[in-house]
Enquirer: 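Sharing a structure with you now.
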Amino acid sequence: MNKENIIKLIILISFLVLFLQGSRFRSEGKKVACSEGKCDKPHDHGQLNYHERFTVTPDDNIGMATLKGFENFWEANGTGMTFAIIIGGAGLSLLLSWKKFEQVLAFKGIKGAAVGSLFGMPLNMCANCSAVASLTMTSKSGSSETTLGIILGGALLNIIGIVTMFGLFSPAVVISRLVFSAIMILVIVPWVSKMVFKQETAPLQSQVFDKISCYFPEQSFVQTIIKSFEDWLLAVGNMAYKLIPLMLIGTLVIAIFRAFFPNELLHQITSYNSYIIIVIVAFFGTLLSVPVLFEILLGTMLYQLGFSTGAIAAVVCTVPSFGLFTLVLTKEKLGGFKVPIILTTLTFILGIGAGILAEFLTKFM
Amino acid sequence: MTKTIIGIILFLLQISLAIWFSKSIDLTITVSIAVVMFLYVIYKLLNGKYATTKA
């Protein structure tokens, strides 16, 4: 590993540490307090975030509810998505000049999915933001396995979220979530990636990338640092041009979905059979995309409404996983809508499985 | 290169919006670096340093 790659690696790690220390850990701490009912306004939690700028009321028409939902979702993911581009850009810039890193991100099969999830884990991001980071990082040559591994690792293997769930819910819920995460990452991702391999389109490449991978002025330390930051910004600009419009479309899709399916709909199914509830909740959770740790608040909401552990497990598994937003974003990388739709359907089916597993485990705990 | 410049401008707009939402120090530090590097990229662009790049 030469000098310029070490500098790029330091830039990548520095951005991640800056993000985690500057805003993410603090924000997650507040969210945990909210989930435990210890915040200042426990009755003010919104549709898509713990505390929202615009409250969507039943009097709002679809257009107004969509507009409010759009702003609330964009604001809720504002810092996360911005840092996803920043960190993803740093990763892409490193990949373009360090062959070994490129080779690691090109791993296929279970190995690729596992390595991707390990990269995703420290991001502490929801699936929406980790999708932005993942697609940026793997835009040149990363495999589908690592791309999806990063997305699901970031969303499902969030240590703070898992520890919080242990404190709030039955262990059956957490065990189901861990089993769900393992199957999604180690079985489903490698399996659906094989379908991408057959129909994969040309990777998102740009001639600007040639400017990034060129050789560095190693003799000047200052010049090397400037060049590293220049490469980072070019990578960020290149991916922002492609991803920000997609992020806007994804946000709009989610806002429309939330306008038609608000949280209040769940109040109406409390008297249904517990297995029917699991199916409904898994369907709702699969299509939904939310900011980091919001699935825990939805879980506590179901708990307070008297839903079974199965329904809670279905919601905490499906909501943070692959959803409408990630479906829109990954379309190009996964060679069309076919694979993202299959992945979404499998999330739904496994979500039901996680719910049934939690119901089963509850009988022994 | 035009698309990359548009992308950087979009990114700067997004980061400004995120700072307005959260007022966090990490974004403020990052935007300072990004703005300085953006001016450097524009300077290089105007001096024809990216002349061979078409994207």
Side-chain angles (χ1 to χ4, degrees), chain A residues 11 14-27 49 53 71-72 74-90 132 136 205-212 214 225-245 247-248, chain B:
Chain A
I11 290 174
S14 303
F15 277 135
L16 179 62
V17 172
L18 189 67
F19 167 60
L20 294 176
Q21 286 297 326
S23 54
R24 186 41 48 112
F25 286 152
R26 214 158 14 134
S27 147
N49 199 8
R53 189 177 296 271
E71 199 285 335
N72 288 335
W74 197 265
E75 182 166 352
N77 285 299
T79 305
M81 287 198 295
T82 308
F83 261 105
I85 297 176
I86 292 164
I87 294 165
V132 175
T136 306
Q205 287 201 37
S206 163
Q207 288 177 13
V208 172
F209 289 166
D210 298 338
K211 283 283 162 199
I212 296 173
C214 71
I225 291 177
I226 293 171
K227 181 75 172 78
S228 298
F229 276 108
E230 181 192 348
D231 285 358
W232 162 73
L233 191 67
L234 291 178
V236 162
N238 206 276
M239 293 318 294
Y241 179 80
K242 286 166 185 154
L243 291 179
I244 289 179
M247 283 150 63
L248 288 167
Chain B
M1 196 65 193
T2 313
K3 287 178 182 175
T4 305
I5 297 295
I6 294 170
I8 296 172
I9 294 167
L10 276 175
F11 166 71
L12 291 175
L13 285 173
Q14 167 61 21
I15 199 170
S16 307
L17 193 64
I19 290 172
W20 186 69
F21 284 146
S22 67
K23 294 159 189 73
S24 61
I25 188 74
D26 47 359
L27 284 169
T28 313
I29 293 168
T30 312
V31 81
S32 315
I33 299 168
V35 168
V36 171
M37 288 319 300
F38 181 53
L39 294 175
Y40 177 68
V41 167
I42 293 292
Y43 168 79
K44 278 184 80 172
L45 185 71
L46 294 176
N47 283 284
K49 299 274 170 63
Y50 297 116
T52 53
T53 306
K54 289 172 189 168

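The shown structure was predicted, so the numbers you read here are calculated from the model rather than taken from an experiment. Throughout, protein chains are lettered first and strands after them, A, B, ... in sequence-line order, and every chain is numbered starting at 1. Worth knowing before you read on, the calculation uses all heavy atoms, side chains too, and leaves out hydrogens, waters and symmetry mates.
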Enquirer: Give, for atom CG of B:L39 and atom CG of A:L233, the distance between the pair rounded to the nearest 0.5 Å.
Expert: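 That separation rounds to 10.0 Å.
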
Enquirer: Hey, which of B:I25, B:I6, B:I29, B:T30 has the most heavy atom pairs under 4.5 Å with chain A?
Expert: B:T30

Enquirer: Could you have a look at B:L27, B:V41, B:D26 and say which one has the most heavy-atom pairs with chain A under 4.5 angstrom?
Expert: B:D26

Enquirer: List the residues meeting ring pair (Phe, Tyr, Trp, His ring centres under 6.0 Å) with A:F19, not counting sequence neighbours, and say none if there are none.
Expert: A:F83

Enquirer: Please round to the nearest 0.5 Å and tell me the distance separating atom NZ of A:K227 and atom OH of B:Y40.
Expert: 8.5 Å

Enquirer: Give a yes or no on whether A:Y241 atom OH has more than 12 heavy-atom contacts from other residues, nucleotides or ligands under 6.0 Å away.
Expert: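 12 or below, so no.
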
Enquirer: Could you tell me which portion of B:I9 (side chain, backbone, both or neither) has an atom closer than 4.5 angstrom to a non-hydrogen atom of chain A?
Expert: neither

Enquirer: Would you name the heavy atoms of A:S23 and B:S24 that are closest together and state the gap between them?
Expert: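 Closest approach of A:S23 to B:S24, heavy atoms only: CB-CB, 4.2 Å.
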
Enquirer: Please state whether the side chain, the backbone, both or neither of A:I244 comes within less than 4.5 Å of a heavy atom of chain B.
Expert: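 The side chain, not the backbone.
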
Enquirer: Quick one: what part of A:L18 sits under 4.5 Å from any heavy atom of chain B, side chain, backbone, both or neither?
Expert: both

Enquirer: Given that the side chain runs from C-beta out, which part of B:F11 has a heavy atom under 4.5 Å from chain A: side chain, backbone, both or neither?
Expert: both

Enquirer: With sequence neighbours excluded, give me every salt bridge (charged side-chain N to carboxylate O under 4.0 Å, His left out) pair touching residues 31-45 of chain B.
Expert: A:E230-B:K44

Enquirer: Is there a donor in the side chain of B:Q14 and an acceptor in the side chain of A:W74, or the other way round, less than 3.5 Å apart?
Expert: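 Result is yes, a qualifying pair exists.
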
Enquirer: With B:I15 as reference, evaluate A:V236, A:I85, A:I86 under the side chain to side chain contact (heavy atoms under 4.5 Å, CB included) test and give the passing residue.
Expert: A:I86

Enquirer: Is it the side chain or the backbone of B:L17 that comes within 4.5 Å of chain A heavy atoms, both, or neither?
Expert: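 Contact with chain A: side chain only.
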
